[in-house]
2 protein chains.
Amino acid sequence: MNIQQNIRVAVDAIVFGYSRRQLHVLLIRQKFGLLKDRWALVGGFVQDHEPLSEAVQRELREEAGISVDYLEQLYTFGDDVHRDPRMRVVSVAYFALVHTEKYQLIADSDAEDARWFPIDELPPLAFDHARIIQTAYRRLQGKLSYQPIGFDLLPEHFPFSDLENLYCTILNTEIDRRNFRKKMLSFGILEETEHSAIQKSGRPGKLFKFNSLKYNDLKEKGFVFEIKFA
Amino acid sequence: MNIQQNIRVAVDAIVFGYSRRQLHVLLIRQKFGLLKDRWALVGGFVQDHEPLSEAVQRELREEAGISVDYLEQLYTFGDDVHRDPRMRVVSVAYFALVHTEKYQLIADSDAEDARWFPIDELPPLAFDHARIIQTAYRRLQGKLSYQPIGFDLLPEHFPFSDLENLYCTILNTEIDRRNFRKKMLSFGILEETEHSAIQKSGRPGKLFKFNSLKYNDLKEKGFVFEIKFA
DNA sequence: AAGCTAATGTGTAATGAATACGCAAATTAA
DNA sequence: TTAATTTGCGTATTCATTACACATTAGCTT
């Protein structure tokens, strides 16, 4: 096999977090090169004997100090030959979600020049990263309607209204609170805890937790977690 | 940017065809190397200044002499560092569909060592291509239920029963003929033609054609072409 | 030509899920 | 105490899916 190639393989991670009723994306500030000080996705070149998904996790650790709760391959960007002006780079993008607890940790430690941005207040981005984020956002919206993926964005215990708000903001739609609750509970993947959420006003709500065992059980049986809105 | 990398980027195409009530996959016989005479997917290395999708089309032209009607990126296989025993190869797999007319042309010209295999009668395959085909097959099954993608596997004019059989065989399920017809027609993306299909027995059926203009129109408006089965 | 078989084409009742609400209960703030 | 707010539960209506029935039109057989 004698084919010489001059193409680099990179990975990029679109990490989503949710807090203060907003969807956030993790970005890091470029430290070197032409695009110094521009904001960009976490990412970098893959090492010769490193599986792609491990490369993502390594970059997330090195550049932002986090490990994620959900990771899946999104898309490989390699049709634009000049994505990176310096050389031909094919980038395998991954789509990641983190629980809001970890979220806080990172958001506070700004030392590393890693920061969360609300999805609708993104700064100018390096390369084609704006487009990549749009692709990831659409994927998130799509997945949310037939997979209970939203729990990876919430803390372990949460009031029902937080879950409802998450769906509203990410899908950018209005939901009937009562029907949403009914449908979501009917899946049988939520557990009521003993704790309650104390609030500024109104009746205190019970805290729920996601039961991943029951979820996996149902998923194996081919159950579909479709959730629609009026 | 000083990072030396020794990873090759390849593309592979999973081409599906449909005929004689069976789903088929296009394979080519390896002519060189360790895996000589093994069957494999159409594919090869990407050239330095070539977009990924063009690389796929080039390989399809060079190795099988076809152009496809539908092409979309499937997944990038690069977690198994020894997929290809000779070196590290990251392969971007594409998922393709061809109309049955073209199908016949290829199937007859066996000269190039390109052949169609029924999906459930695949020969031993090179590399991890069996796994890749399984991934593609599942994607096809998934897509079929919410996108009218099946028309890319049929000739321009077809009787309704052919469409129904396509759904049955690919999804491996039984369908109520009457409800399927009703639902499919309700989308408004099919046109009745003047022609009829003459058959061995039974009342002759009208031939239909897929109206891609209407389809694109509805798709833009966010219409969902979901089709379920009992 | 009459009758059988096979496939198409249309209709309709029954079922079940999604939707649109109403309203009581539990808490805080005034 | 009262108003405001949020949770939690219930129910009638609407709409889509499902399960069928049956007439129609052809070829084939006798």
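Predicted, not measured: the structure shown is a model, and the values here were computed from it. Residue numbering restarts at 1 for every chain, and letters A, B, ... go by the order of the sequence lines.
In this structure, the CG atom of A:Asn165 is 14 Å from the C1' atom of D:dT5, given to the nearest Å. In this structure, CD1 of A:Ile198 is placed 16 Å from C1' of D:dT5, rounded to the nearest angstrom. B:Phe180 has its CZ atom 19 Å from the C1' atom of C:dG11, to the nearest Å. Counting to the nearest Å, the P atom of D:dG8 and the CG atom of A:Leu190 are 12 Å from each other. For B:Phe160 and D:dT24, the CZ to P distance is 22 Å, given to the nearest whole Å. Rounded to whole Å, atom P of C:dT8 lies 8 Å from atom CD of B:Glu164. When rounded to the nearest whole Å, the span between NZ of A:Lys206 and P of C:dA26 equals 10 Å. Separating the CE atom of B:Met184 from the P atom of C:dG9 is a distance of 15 Å, rounded to the nearest angstrom.
Here the options are B:Phe187, B:Phe223, B:Phe210, the test is ring-ring contact (aromatic ring centres under 6.0 Å, His included), and the partner is B:Tyr215; only B:Phe210 passes.
Judged by distance alone with a 3.5 Å cut-off, no donor-acceptor contact links the side chain of A:Arg203 to the base of D:dT6.
Annotation: side chain of A:Val68 is in contact with side chain of A:Ile66 (closest heavy-atom distance under 4.5 Å). Using a 4.5 Å cut-off on side-chain heavy atoms (C-beta onward), A:Phe77 and A:Val90 make no contact.
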Open item on the list: Treating primed atoms plus P, OP1 and OP2 as sugar-phosphate and everything else as base, which nucleotides of nucleotides 13-23 of chain C get B, S or - for protein heavy atoms under 4.0 Å?
Closed with: -----SBBBBB
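Comparing A:Gln199 and A:Leu185, the nucleotide of DNA chain D nearest to each residue sits closer to the 5' end for A:Gln199.
For the OP1/OP2 pair of D:dT6 and a distance below 4.0 Å, the side-chain nitrogens and oxygens of A:Ser161 include no atom meeting the criterion. B:Arg181 has a side-chain polar atom (N or O) that falls below the 4.0 Å cut-off from OP1 or OP2 of C:dT10.
Taking the ring axis of B:Phe180 as reference, the NZ or CZ atom of B:Arg178 does not stay both within 45° of it and closer than 6.0 Å to the ring centre. The cationic atom of B:Arg139 (NZ for Lys, CZ for Arg) does not lie both less than 6.0 Å from the six-membered ring centre of B:Tyr137 and within 45° of the ring axis.
For B:Ser201, whose side chain is taken as the heavy atoms from C-beta onward, the closest listed nucleotide among C:dA6, D:dG8, D:dT25 is C:dA6.
To the nearest 0.5 Å, atom CZ of residue A:Phe225 and atom NZ of residue A:Lys183 are 11.0 Å apart.
A salt bridge links A:Lys102 and A:Asp69; the closest N-O separation between the charged side-chain nitrogens and carboxylate oxygens is under 4.0 Å.
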